[in-house]
Amino acid sequence: MLDIKYIRENPDSVKQGVANKNSKIDIDKIIDLDRERRDIVTGMEALREKRNKASGEIAVMKKNKQDATAQIAAMKAVGDQISTDEERLRVVEEELGQMLLMVPNLPHETTPVGRDESANVEIRQWGSKPKFDFTPQAHWDIGTKLGMFDFERGAKISGSGFILYTNAGALLERALINFFLDVHVTRHGYTEVFPPFMVNTQTMTGTGQLPKMAEDMYQLNDQTMWLVPTAEVPVTNIYANEILAPTDVPKYMVAYTPCFRREAGAAGKDTRGLIRVHQFDKVEMVRIVRPEVSYQELDTITGHAESILQLLGLHYRVVELASGDISFAATKCYDLEVWAPGVGKYLEVSSCSNFSDFQARRMNLRYRPAEGEKPVFPHTLNGSGLALPRTVIAIIENYQTADGKIVVPEVLRPYMRGLEVIG
RNA sequence: GGAGAGGUGGCUGAGUGGUCGAUAGCGGCGGUCUCGAAAACCGUUAUACCCGCGAGGGUAUCCAGGGUUCGAAUCCCUGCCUCUCCGCCA
């Protein structure tokens with residue numbers, strides 16, 4: 001969340017930033033509630049001071065066996081007033097808190113301003129589209145023919161948008177997960193973690209999925225647990241409500257999790273094959289860093305995601321998202337889009353974002369810059385490295401042969417029992 | 001799932017209604033001593049918020065949330081978590 005002090009002192013820039021994020025939250029209302037809250041607190045604390053002093057006196061009188069009936073009666077009225085104030089404060093803080101949780105992070109000054117993805121900016125490309133002397137097929141045709149996945153039976157056992165990977169498809173999925181993790185651990189210096197796939201509401205609020213995006217996620221029947229939509233959620237929250245020592249920052253963590261998303265409202269739109277599914281695998285990088293280096297760190301993490309595509313030899317482009325297309329919690333974001341010749345599109349396989357101190361504030365994650373100094377909020381970042389299904393699409397479609405087979409990229413062969421060709 | 005025990009400052013651990021943000025020890029930091037270190041001794045040791053230009057003042061926090069009371073670490077209720085035993089189980 002945003003610092004209420006910052007909102008109070010910079011209402012105009014907050015309003016502008018929020019508008020650039022396409023949010024209609026009422027900032028003036030927040031400022032009014034904050035004013036009201038402070039008024040109540042001030043009055044209430046004065047009463048408490050009075051009561052604390054009187055309680056001390058009553059204690060002394062009792063000790064000296066004096067009669068304190070009058071003092072006790074007087075404090076009863078003070079106590080009642082404090083209770084009234086507390087009740088009012090609860091109401092005001094509840095409303096203020098709920099509103100603050102709905103305020104998006106402000107876009108960074110370098111983030112292009114724009115309503116939607118049409119204002120996104122292509123930053124660079126790597127490689128080039130492969131040339132085929134035949135018409136490249138879509139992954140759903142090749143993959144099905146090669147027995148890599150079974151859409152019908154996936155839908156039968158779970159529903160549409162759930163994939164049953166089979167044979168080489170299942171092997172490829174597992175190989176990619178291991179390959180991604182190994183690269184990030186051995187070459188990029190991340191620590192591997194394996195978090196729970198179900199999290200509580202507090203955790204989901206910490207990274208910013210709740211309360212706004214509740215309808216995009218799967219909630220379990222007990223109403224307290226949610227299926228993770230990304231490893232960002234459990235991993236970024238690992239140190240929530242803690243104060244990290246100076247030597248504990250930066251933290252670089254990488255994790256594999258399945259990701260569960262309802263994709264409400266996305267039905268029928270670019271959903272064919274593996275393009276958009278309710279459960280998919282992803283390897284996610286998370287960085288907890290000092291504020292002064294976070295934008296440099298964003299370039300670093302983006303580079304780490306890119307290196308995976310480069311090792312796989314897949315052509316991609318880097319797109320910087322416009323303010324209106326950036327996620328709720330982010331200030332700046334780069335998407336990596338890989339070329340998929342079968343479907344004839346660039347597909348998003350990674351999203352690398354800086355969240356500044358927005359998530360750290362929500363989850364009360366702090367660190368001490370140096371021994372003896374006051375704790376401050378670090379910046380958090382994450383980047384997919386990478387999301388699996390669209391990477392699988394890109395491999396199938398880019399590495400397909402005229403006779404309907406797939407050449408396994410060399411870096412994956414050790415992870416696939418030496419398999420060189422699927423089919 | 002059943003039965004029991006428990007959650008106090010960085011750690012250990014006192015404290016069952018009243019000047020308790022909290023005794024003590026350890027650890028950390030500073031100092032005395034020393035050529036230096038150890039030992040000993042002395043001092044110090046959290047977080048958040050509110051008011052104030054500031055000096056400073058105030059409030060809250062003993063797992064969390066409610067309640068009782070003039071007053072709660074202490075009593076009551078609910079929740080969460082940990083530990084022990086039993087049961088079940090990949």
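Keep in mind the model is a prediction, meaning the values are calculated, not measured.
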Euclidean distance for [atom1], [N] against [M] (whole angstrom):
N	M	atom1	answer
B:U16	B:G7	P	13 Å
B:C83	B:C63	C1'	15 Å
B:G4	B:G79	P	15 Å
B:U74	B:U69	P	16 Å
B:G71	B:A60	P	12 Å
B:G9	B:C26	C1'	13 Å
B:C49	B:A38	P	38 Å
B:G6	B:U47	C1'	25 Å

Which whole-number value in Å describes the distance from [X] [atom1] to [N] [atom2]?
X	N	atom1	atom2	answer
A:E87	B:G65	CD	C1'	14 Å
A:M363	B:A48	CE	P	18 Å
A:K63	B:G17	NZ	C1'	14 Å
A:L89	B:C49	CG	P	15 Å
A:I82	B:A72	CD1	C1'	14 Å
A:I72	B:G17	CD1	C1'	13 Å
A:D39	B:G58	CG	P	21 Å
A:N200	B:C80	CG	P	12 Å

Nearest nucleotide by nearest heavy atom, which residue falls closer to the 5' end of RNA chain B, A:G56 or A:I243?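 Its nucleotide being nearer the 5' end, the pick is A:G56.
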Taking the nucleotide of RNA chain B with the nearest heavy atom to each, does A:V60 or A:R38 sit closer to the 5' end? A:V60
Please assess A:H278 against A:F260 for the test ring pair (Phe, Tyr, Trp, His ring centres under 6.0 Å), listing each intermediate value before the final yes or no. CA-CA 6 Å; A:H278 292 306; A:F260 303 94; over 10 Å; no
Would you tabulate the pairs of protein nitrogen or oxygen atoms and nucleotide nitrogen or oxygen atoms of nucleotides 59-62 of chain B closer than 3.5 angstrom?
from	atom 1	to	atom 2	distance (Å)
B:U59	OP1	A:N52	ND2	3.3
B:A60	OP2	A:N52	ND2	3.3

Nearest to the side chain of [X] - [options]?
X	options	result
A:R366	B:A48, B:C70, B:C51	B:A48
A:V41	B:C50, B:C70, B:U47	B:C50
A:R368	B:C51, B:U47, B:C70	B:U47

Under 3.5 Å for both donor-acceptor distances, Watson-Crick or wobble: does [N] have a partner, and if so which one?
N	result
B:U32	B:A40
B:G10	B:C26
B:A64	B:U78
B:U16	none
B:A3	B:U84
B:C49	B:G58

Compute the ring centroids of A:F180 and A:Y256, then answer whether they are less than 6.0 Å apart. no
Identify the two heavy atoms, one from A:M75 and one from A:K50, that lie closest to each other, and give their separation to 0.1 Å.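 The answer is SD-O, 4.4 Å.
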Would you name the heavy atoms of A:M416 and A:A168 that are closest together and state the gap between them? CE-O, 4.2 Å
Interatomic distance, [X] atom [atom1] to [Y] atom [atom2] [nearest 0.5 angstrom]:
X	Y	atom1	atom2	result
A:H184	A:T191	NE2	OG1	13.5 Å
A:M99	A:I31	CE	CD1	10.0 Å
A:Q81	A:M44	CD	CE	11.0 Å

Touch class at under 4.0 angstrom, heavy-atom based, for A:K76 against every strand present: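 The answer is sugar-phosphate, as A:K76 gets under 4.0 Å only of primed atoms, P, OP1 or OP2.
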Mind checking if A:R361 touches a base, just sugar-phosphate, or nothing, with heavy atoms under 4.0 Å?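 Nothing, no heavy atom under 4.0 Å.
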Less than 4.0 angstrom between a side-chain N/O of A:R90 and OP1 or OP2 of B:G66, yes or no? yes
Can you list the steps and then say if A:K145 with A:D141 is a salt bridge (Lys or Arg N to Asp or Glu O under 4.0 Å)? CA-CA 6 Å; A:K145 273 180 220 152; A:D141 287 328; 5.7 Å; no
side-chain hydrogen bond (donor to acceptor under 3.5 Å, both in side chains) partner of A:S294, the single match among A:K332, A:H379, A:R287, A:H108: A:H379
